[in-house]
Undergrad: 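For reference, the structure I am asking about is given below.
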Amino acid sequence: MKLVSAALISLGTLTAAIAETGSGPARASTPASILSSADVRSVAPALDKYTQDNLLGDLWKRPGLSPRDRSIVTLSVLIARSQTIEMPFHLALALDNGVKPAEISEIITHLAFYSGWGNATAAVAVAKDIFAQRGVRPDQLPPASPTPLPLDQASEQNRATRVQADVGPISQGLVNDTGRLLFNDLWLRPDLAPRDRSLVTVSSLIAGGQVAQIPYHLGRAMDNGLTQEQASEVISHIAFYAGWPNAFSTVPVAKTVFESRKK
Amino acid sequence: MKLVSAALISLGTLTAAIAETGSGPARASTPASILSSADVRSVAPALDKYTQDNLLGDLWKRPGLSPRDRSIVTLSVLIARSQTIEMPFHLALALDNGVKPAEISEIITHLAFYSGWGNATAAVAVAKDIFAQRGVRPDQLPPASPTPLPLDQASEQNRATRVQADVGPISQGLVNDTGRLLFNDLWLRPDLAPRDRSLVTVSSLIAGGQVAQIPYHLGRAMDNGLTQEQASEVISHIAFYAGWPNAFSTVPVAKTVFESRKK
Amino acid sequence: MKLVSAALISLGTLTAAIAETGSGPARASTPASILSSADVRSVAPALDKYTQDNLLGDLWKRPGLSPRDRSIVTLSVLIARSQTIEMPFHLALALDNGVKPAEISEIITHLAFYSGWGNATAAVAVAKDIFAQRGVRPDQLPPASPTPLPLDQASEQNRATRVQADVGPISQGLVNDTGRLLFNDLWLRPDLAPRDRSLVTVSSLIAGGQVAQIPYHLGRAMDNGLTQEQASEVISHIAFYAGWPNAFSTVPVAKTVFESRKK
């Protein structure tokens, strides 16, 4: 079965997991979720050509962002937009590109908070089949309540003070949940590095057109180790997966962040 | 079958309707639409813990917003975002929390106009099965053409004048439809109270990141009886179901509305 | 089987293709994707009435925008929002309204870039069944690499210079892809007229609330032959399919574009 993204096989180790969905009950459980290259050509020959030549043959191979980072970005975009049809392929590719099952688990949990509970639920429904196909064991998943990473007290104090001042008069419940659940809990979970957690967050914001929230999180991502070169290529990569307009709307706010950090 | 939100059973009367989907043709008609708690743990143990402890064990029990209001808000968010996977559970919960079938019918119809026709269609496809499982009778649904609520002529005249001036030069068709179909028809349908209709509208706007349209409708919601305390908790509740960024982007516009009403 | 939009039969030639989905394997491959009018009435009698009277009985028959244009706009909205449930009906209606299979193919490919790759993939999954039902032959589809339309060198030079200055310092990859893939390739594909390509783009931007990108593309659409009257009615039409808030948020930017062109 030639897949939409069969050319990716030449990129690495994309293996039997996808091919196995070609027949039998595994496929039955994900109807219409994987299109063959022939399926695409039966409607849009040009779309297949762009997929093979420009996405798989160029974008994913470019320097500036590793295949592992591109997989984290792409998964985040798909989850943030609930685009389940492309998830089986990209979950399998992410595993092949070195994203660990524990990291995928954390990406989904993280996006429950940053994209919405239903986005995470929809991703779980797809990921459980891929995890089963790949033989992911329970001990490969992060515990529900792990030992947290150490908290940067000063940085958190700054954040909390600012949010209390800005948000407290409007929704104290939101202030409380943000402090307790996000910055003193979710962000300290150790199975996804803070830099990758920031990459997930920024990718989901760009994918959802949530420009107003990008400056804080892009700055935080760069504090956490994302380079400007990588951030530039994240925008370029997301143009394909969340559409050109979302990439272009990110440019002015990214410019503000990049320039403010040079001072 | 332990459901994602099985802990909610302790909240109230969540009953056989969901459990019945565990086997037989009812489940077959909603494939993958209900995940068990074990399904979630097979991918993301932490997501299950947050669901049980922080959503069902805390958020839904908080003062500030009744369970019925939380159900109206949650359904509105799911419909506005076409997140069908969580709809069966939340439609059943809404009925248990006292939202009448006629009100659910009106929420879906209302959001055809405020979120888009396809959003309403997708919700109908799920709701018809839940209504059938619950034995909802045709006489429990609102008539297509009921006796409308009385129109507040002065308020409507103000609205119409303002919209004619702002929108008329750009799209007279939009002006005409807005007056005729929305404010002289949809909003006067009696089976959903204006306060609840406003709650649906505001929730869908926050869920879709449509910040520019929030001030008018949040003000209208408060005119229709939504208190500031309730509005604050709506924002906090929606953070979980539509993601933190949408909640945070609502804060500055809510502040403007809250402050303008103190004068 | 009476369909949601059965009244449209009176509009034209909507034929056996949809009715055929009422039984047999074709329907099996698109479960829950077509609701009957009775299905809608079993949840929301008012929604069915509005659909019959105000959408099919009024909106689609109004002057100001041809049925073919309304189909292009509606398909673009549905693809941009991944609302697959309404796609089978509207793909069939588009064919009946004179949108060629080759044009539908190009609309989907175009929106891979402007809405996101997953949006196009989801549309392909639906369109391939409709194309098969209608007997669309491979020679009716556009070639992957056709002879391009001539490039307006001066206009492209202006665009490239502006984008290099604005975007280059932030993401040179995005600048390169925009020039090479979009304006020197996609926009020059001959099987969708530039005016229709612009109509697709503007519709998807309005549908996604991407206000910041509307001025450039609405101006380009009008350069490509879209009249102000048509643009006004596009906004009015989209109110129904992408929700009133997206239509209203478009009004101020459309005003700016309309006024700037009078000078």
Side-chain angles (χ1 to χ4, degrees), chain A residues 4 31-35 38-51 53-55 58-59 62 64-65 74 77-78 81-87 89-90 207 209 211 228 231-252 254-255 258-259, chain C residues 29-31 80 82 84 101 104-106 108-109 111-128 131-132 136 138 141-146 163 166-167 169-178 180-182 185-186 189 191 201 204-205 208-213 217:
Chain A
V4 173
S33 62
I34 294 179
L35 291 173
D39 286 338
V40 177
R41 285 198 306 273
S42 76
V43 171
L47 181 61
D48 187 52
K49 178 187 70 90
Y50 288 125
T51 303
D53 294 354
N54 302 107
L55 269 70
D58 174 19
L59 180 71
R62 280 187 204 165
L65 204 61
T74 306
V77 169
L78 295 178
R81 294 161 64 91
S82 281
Q83 293 186 310
T84 50
I85 195 170
E86 295 221 336
M87 282 186 200
F89 175 77
H90 280 290
V211 170
Q228 182 173 328
S232 295
E233 189 58 15
V234 166
I235 298 170
S236 178
H237 187 94
I238 292 182
F240 289 90
Y241 287 96
W244 244 254
N246 281 320
F248 265 72
S249 292
T250 301
V251 167
K255 183 177 283 185
F258 291 170
E259 287 176 354
Chain C
S29 70
T30 53
S82 280
T84 51
I104 290 175
S105 176
E106 289 296 319
I108 292 172
T109 301
L111 290 175
F113 291 92
Y114 280 93
S115 293
W117 226 254
N119 299 68
T121 307
V124 164
V126 180
K128 74 184 172 62
F131 278 15
V136 173
L141 300 180
S145 301
V163 168
D166 289 352
V167 181
I170 305 306
S171 179
Q172 189 61 41
L174 183 58
V175 172
N176 297 348
D177 290 338
T178 303
R180 188 168 52 94
L181 289 177
L182 299 195
D185 183 341
L186 183 72
R189 294 179 57 81
D191 286 283
T201 309
S204 71
L205 293 172
Q210 291 169 313
V211 171
Q213 307 304 320
H217 280 290

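In the text below, chain A, chain B and the rest are named by the order of the sequence lines, each starting its count at 1.
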Undergrad: What I'd like to find out is whether the side chain of Val251(A) reaches to under 4.5 Å of the side chain of Asp166(C), using heavy atoms alone.
TA: no
Undergrad: Chain C heavy atoms under 4.5 Å from Ala247(A): which part of the residue, side chain, backbone, both or neither?
TA: both
Undergrad: With rounding to the nearest 0.5 angstrom, report the CG to CG distance, Leu59(A) to Leu181(C).
TA: 9.5 Å
Undergrad: Quick check on Phe258(A) against chain C: is it the side chain, the backbone, both or neither that has a heavy atom closer than 4.5 Å?
TA: side chain
Undergrad: For Ile85(A) and Gly118(C), which heavy atoms make the closest approach, and how far apart are they?
TA: CG2-O, 4.1 Å
Undergrad: Nearest 0.5 Å, please: how far is CG in Asn54(A) from CG in Asp185(C)?
TA: 7.5 Å
Undergrad: Are the side chains of Trp244(A) and Asp177(C) in contact, using a 4.5 Å heavy-atom criterion?
TA: yes
Undergrad: What part of Ile238(A) lies closer than 4.5 angstrom to a heavy atom of chain C: side chain, backbone, both or neither?
TA: neither
Undergrad: Give, as side chain, backbone, both or neither, the part of Asn246(A) having an atom under 4.5 angstrom from any heavy atom of chain C.
TA: both
Undergrad: So which of Ala207(A), Gly243(A), Gly209(A), Pro252(A) has the biggest tally of heavy-atom pairs under 4.5 Å with chain C?
TA: Gly243(A)
Undergrad: So how far is it from Ile170(C) CD1 to Ile235(A) CD1, rounded to the nearest 0.5 Å?
TA: 7.0 Å
Undergrad: Heavy atoms only, distances under 4.5 angstrom: which of Asn176(C), Ile108(C), Val124(C), Val136(C) has the most pairs with chain A? Name it, please.
TA: Val124(C)
Undergrad: Hey, which of Ala112(C), Ser115(C), Ala123(C) has the most heavy atom pairs under 4.5 Å with chain A?
TA: Ser115(C)
Undergrad: Could you tell me which portion of Thr178(C) (side chain, backbone, both or neither) has an atom closer than 4.5 angstrom to a non-hydrogen atom of chain A?
TA: both
Undergrad: Go through the atoms of Gln228(A) and report whether side chain, backbone, both or neither lie under 4.5 Å from a heavy atom of chain C.
TA: side chain
Undergrad: Highest number of heavy-atom pairs under 4.5 Å with chain C: which of Ala254(A), Ser42(A), Pro245(A)?
TA: Pro245(A)
Undergrad: To the nearest 0.5 Å, how far apart are CG in Asn119(C) and CZ in Arg81(A)?
TA: 5.0 Å
Undergrad: Using non-hydrogen atoms and a 4.5 Å limit, figure out which bit of Leu186(C) sits close to chain A: side chain, backbone, both or neither.
TA: both
Undergrad: Please report the closest heavy-atom contact between Glu86(A) and Trp117(C), naming both atoms and the distance.
TA: OE2-O, 3.8 Å
Undergrad: Testing the basics here: between Ser105(C) and Val43(A), what is the closest heavy-atom pair and its distance to 0.1 Å?
TA: OG-O, 2.6 Å
Undergrad: Please look at Phe131(C) and chain A and tell me whether the side chain, the backbone, both or neither of the residue comes under 4.5 angstrom of a heavy atom of that chain.
TA: side chain
Undergrad: Nearest 0.5 Å please: distance from the OG atom of Ser145(C) over to the CG atom of Asp53(A).
TA: 7.5 Å
Undergrad: Considering only heavy atoms, which portion of Lys255(A) lies under 4.5 Å from any heavy atom of chain C: side chain, backbone, both, or neither?
TA: both
Undergrad: Can you list the steps and then say if Leu35(A) with Lys128(C) is a side-chain contact (heavy atoms from CB on, under 4.5 Å)?
TA: CA-CA 10 Å; Leu35(A) 291 173; Lys128(C) 74 184 172 62; 3.6 Å; yes
Undergrad: Return yes if some donor-acceptor pair links the side-chain N/O of Ser232(A) with the main-chain N/O of Ser171(C) below 3.5 Å, else return no.
TA: no
Undergrad: For the candidates Thr201(C), Leu182(C), Val163(C), which exhibits the highest count of non-hydrogen atom pairs separated by less than 4.5 Å from chain A?
TA: Leu182(C)
Undergrad: May I ask you to name which of Gly64(A), Ala46(A), Ala239(A), Ala44(A) has the most heavy-atom pairs under 4.5 Å with chain C?
TA: Ala46(A)
Undergrad: Would you say the side chains of Ser249(A) and Gln213(C) form a donor-acceptor pair under 3.5 Å?
TA: yes
Undergrad: What distance do Leu174(C) atom CG and Glu233(A) atom CD have between them, rounded to the nearest 0.5 Å?
TA: 9.5 Å
